[in-house]
Amino acid sequence: IQPLVTFPRTDLTYRSSLLWSYFRNRIPSLEQLRVMRDSRLEGGDPNDHATLLARFGQRTIADPFTLTPLE
């Protein structure tokens, strides 16, 4: 597959202390009732973007990619 536009070099490791917008956009709005209910039941922090991405960002209608964590 072609590399993502925001990450064009597949031979590099990209690091940031902030979550890139490509990934942040995969997290549903916290106003969505399902997200609020699920994150409260898990005792999660609604500001923990990495955890929210892992919980809700695997699939999105915005792009065809599926995110899977490295094991």
Side-chain angles (χ1 to χ4, degrees):
I1 67 172
Q2 293 294 321
L4 299 175
V5 173
T6 53
F7 305 100
R9 300 264 318 263
T10 59
D11 60 323
L12 295 178
T13 300
Y14 294 88
R15 297 175 191 265
S16 174
S17 60
L18 300 174
L19 193 61
W20 284 290
S21 61
Y22 172 81
F23 299 105
R24 200 172 50 246
N25 291 338
R26 297 179 75 92
I27 300 171
S29 167
L30 292 178
E31 282 79 38
Q32 290 185 16
L33 184 58
R34 176 183 62 83
V35 174
M36 291 299 289
R37 185 189 74 231
D38 289 352
S39 61
R40 283 190 184 136
L41 287 175
E42 293 177 6
D45 177 359
N47 297 311
D48 182 355
H49 293 155
T51 300
L52 291 171
L53 179 64
R55 175 75 171 99
F56 301 107
Q58 182 179 9
R59 303 190 67 118
T60 180
I61 61 170
D63 68 54
F65 299 105
T66 300
L67 297 182
T68 56
L70 292 175
E71 296 192 21

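Only this structure's heavy atoms are used, side chains among them; waters, hydrogens and symmetry mates stay out. All values reported here derive from a predicted model rather than from experimental measurement. In what follows, residues are counted from 1 in the order of the sequence shown.
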Does Arg26 reach the main-chain N or O of Phe56 with its side chain, forming a donor-acceptor pair under 3.5 Å?
-> no
Pairwise distance OG1(Thr60) to CZ(Phe23) - rounded to 0.5 angstrom = 12.5 Å
Kindly compute the distance separating CG (Leu18) from NE2 (His49), expressed to the nearest 0.5 Å.
-> 10.0 Å
Could you tell me the separation between the CD atom of Gln58 and the CZ atom of Phe65, rounded to the nearest 0.5 Å?
-> 14.5 Å
What residues form a side-chain contact (heavy atoms from CB on, under 4.5 Å) with Asp48, not counting sequence neighbours?
-> Asp45, Ala50, Thr51
When rounded to the nearest 0.5 Å, the distance separating CZ of Arg59 from CG of Asp63 is 10.0 Å
